[in-house]
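Take a look at the structure below.
Residue numbers start from 1 in every chain, and the chains themselves are labelled A, B, ... in the order their sequence lines are given, proteins ahead of strands.
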2 protein chains.
Amino acid sequence: MTRRSRADVVAAARVLFADQGFHGTSMRDLGKELGIRGSSLYSHVVSKDELLVDVVREAASRFQTLADEVNAMSGTAKQKLSRLVQGHLRILVEDPHQARTFLNEIRFLPEFEREEAVAMFDRYQETFREVIETGRLGHEFRSDLDVPLTANLILSLLNGTTRWFNSEGTLDTETLGDEIHQLLTGGLASVSKVDLT
Amino acid sequence: MTRRSRADVVAAARVLFADQGFHGTSMRDLGKELGIRGSSLYSHVVSKDELLVDVVREAASRFQTLADEVNAMSGTAKQKLSRLVQGHLRILVEDPHQARTFLNEIRFLPEFEREEAVAMFDRYQETFREVIETGRLGHEFRSDLDVPLTANLILSLLNGTTRWFNSEGTLDTETLGDEIHQLLTGGLASVSKVDLT
DNA sequence: CCTACCGATCGGTAGG
DNA sequence: CCTACCGATCGGTAGG
């Protein structure tokens with residue numbers, strides 16, 4: 001194997017921070033994953049914190065990109081919600097370690113970067129709120145919806161999939177997204193909606 | 001203050017394991033929370049692991065109790081689901097630190113106790129599956145529902161509330177449960193279901 | 001990227 | 001419940 005780059009170190013951090021937690025992972029653990037000494041990592045990064053910052057930022061950036069796509073898109077609220085659901089799931093599934101580090105270890109960031117990440121995620125969540133509000137005003141969704149609450153519930157549902165969904169299994173990601181979108185728009189009940197529009 | 005009991009130590013563990021993580025909490029941190037030395041904790045417990053085991057077991061036990069209640073209950077699938085949703089939320093809200101430690105730190109348990117806890121939670125989840133399956137067969141719910149998937153989605157939604165719900169806020173727990181139950185059974189769509197039964 | 005090392009902190013024990 | 005301490009490990013640095 002050749003010399004490692006900073007990107008290799010970040011790659012190891014994604015995996016170990018996700019599996020063992022930030023505080024459960026030592027620099028020596030990361031080194032072992034790459035076949036080098038823990039102390040050698042400091043030629044690539046100046047601190048352990050920096051690795052967590054990198055992983056969280058790259059995840060945040062993906063969510064930001066999805067939000068931009070949806071904001072630029074035309075279509076009904078349901079269509080936009082579907083795109084948000086599918087896009088969000090794709091991000092979680094494409095790099096589950098990155099996603100889990102983002103979701104679970106964000107609280108261990110240094111204060112400045114933590115606030116930065118939280119603000120970034122809130123801007124992302126704002127896209128959910130806007131789509132829900134549009135659907136509510138346009139009578140696609142219930143007019144009595146609590147919009148911020150609904151956004152929180154949808155994101156909880158999506159993010160929770162990282163705890164059990166395995167993309168190697170029988171269910172593929174897009175089908176999962178369809179199931180979720182169906183549950184969100186129509187619920188569990190058996191009788192299909194009468195569309196009055 | 002008088003002498004501390006093992007229960008006091010477990011109480012401190014619930015809070016600090018939830019806020020700082022199991023690996024981010026030292027025995028000295030726990031001691032400080034109680035106003036004693038870290039080493040003094042060993043007159044109450046034999047290891048740090050034991051504290052995590054205690055917190056996880058007490059949470060698991062609460063879920064088990066709820067499952068027993070629902071299994072003993074009569075009513076429609078929707079009513080049972082509502083009871084599961086409300087009961088699950090109440091457990092999360094009554095002791096958020098215990099709940100968050102259970103959800104986030106369970107993976108750091110010693111292998112035997114981890115498998116025990118996972119098995120316990122799967123038995124609990126089985127109650128969700130049974131209720132959903134009953135509703136499906138009785139045409140309360142869609143007949144094409146993927147039952148285990150739906151159980152996972154519902155639990156993801158519920159557990160995710162620990163990340164943002166604050167029972168001190170304007171929204172009380174029961175109303176949150178109603179909103180969730182409404183979302184789950186009817187979805188976001190605006191037109192109310194036509195009940196053919 | 002390595003060896004050698006730093007002070008600090010870790011979980012835990014002995015003995016009172 | 002305390003002091004005093006153990007070996008191991010932590011994040012990180014110096015110097016090559």
Need one value for [X]: base, sugar-phosphate or nothing, where a base atom within 4.0 Å counts as base even if backbone is also close, heavy atoms only.
| X | value |
| --- | --- |
| B/H23 | nothing |
| B/S47 | sugar-phosphate |
| A/S43 | base |

Taking the six-membered ring of B/Y42 as reference, does the NZ or CZ atom of B/K48 fall below 6.0 Å from its centre and within a 45° cone about the axis?
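Checked: cation-pi criterion not met.
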I want to check one thing: is the phosphate of [N], taken as OP1 and OP2, less than 4.0 Å away from some side-chain N or O of [X]?
| X | N | result |
| --- | --- | --- |
| B/S26 | C/dT9 | no |
| B/R4 | D/dC1 | yes |
| A/R37 | C/dT3 | yes |
| A/S40 | C/dC2 | yes |

Checking contacts here: which listed nucleotide ([options]) is nearest the side-chain heavy atoms of [X]?
| X | options | answer |
| --- | --- | --- |
| A/I36 | D/dG11, C/dC1, C/dC10 | C/dC1 |
| B/R28 | C/dG12, D/dC1, D/dG12 | C/dG12 |
| B/M27 | D/dG12, C/dG11, D/dA4 | C/dG11 |

May I ask you to say whether B/R14 pairs ionically with B/E58, meaning some side-chain N is under 4.0 Å from a carboxylate O?
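Answer for the salt bridge query: yes.
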Cationic N near anionic O, under 4.0 Å, A/D68 to A/R123:
no
Could you check whether the rings of B/F121 and B/Y124 sit parallel, tilted or perpendicular, using 30° and 60° as the cut-offs?
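B/F121 vs B/Y124 ring planes: tilted.
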Please walk me through it: do B/E130 and B/K80 pass salt bridge (Lys or Arg N to Asp or Glu O under 4.0 Å)?
CA-CA 10 Å; B/E130 285 168 7; B/K80 287 186 182 182; over 6 Å; no
To the nearest Å, how far apart are [X] [atom1] and [N] [atom2]?
| X | N | atom1 | atom2 | answer |
| --- | --- | --- | --- | --- |
| A/R3 | C/dC2 | CZ | P | 9 Å |
| A/Y42 | C/dC6 | OH | P | 17 Å |
| B/E50 | C/dG11 | CD | P | 15 Å |
| A/L41 | D/dG11 | CG | C1' | 11 Å |
| B/K32 | D/dC1 | NZ | P | 17 Å |
| B/L30 | C/dT9 | CG | C1' | 15 Å |
| A/H44 | D/dT13 | NE2 | P | 15 Å |
| A/K48 | D/dT9 | NZ | C1' | 12 Å |

Using purine N1 to pyrimidine N3 plus N6-O4 or O6-N4 for Watson-Crick, or N1-O2 and O6-N3 for G-U wobble, both under 3.5 Å, which nucleotide pairs with D/dG12?
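Because both required distances fall under 3.5 Å, D/dG12 counts as paired with C/dC5.
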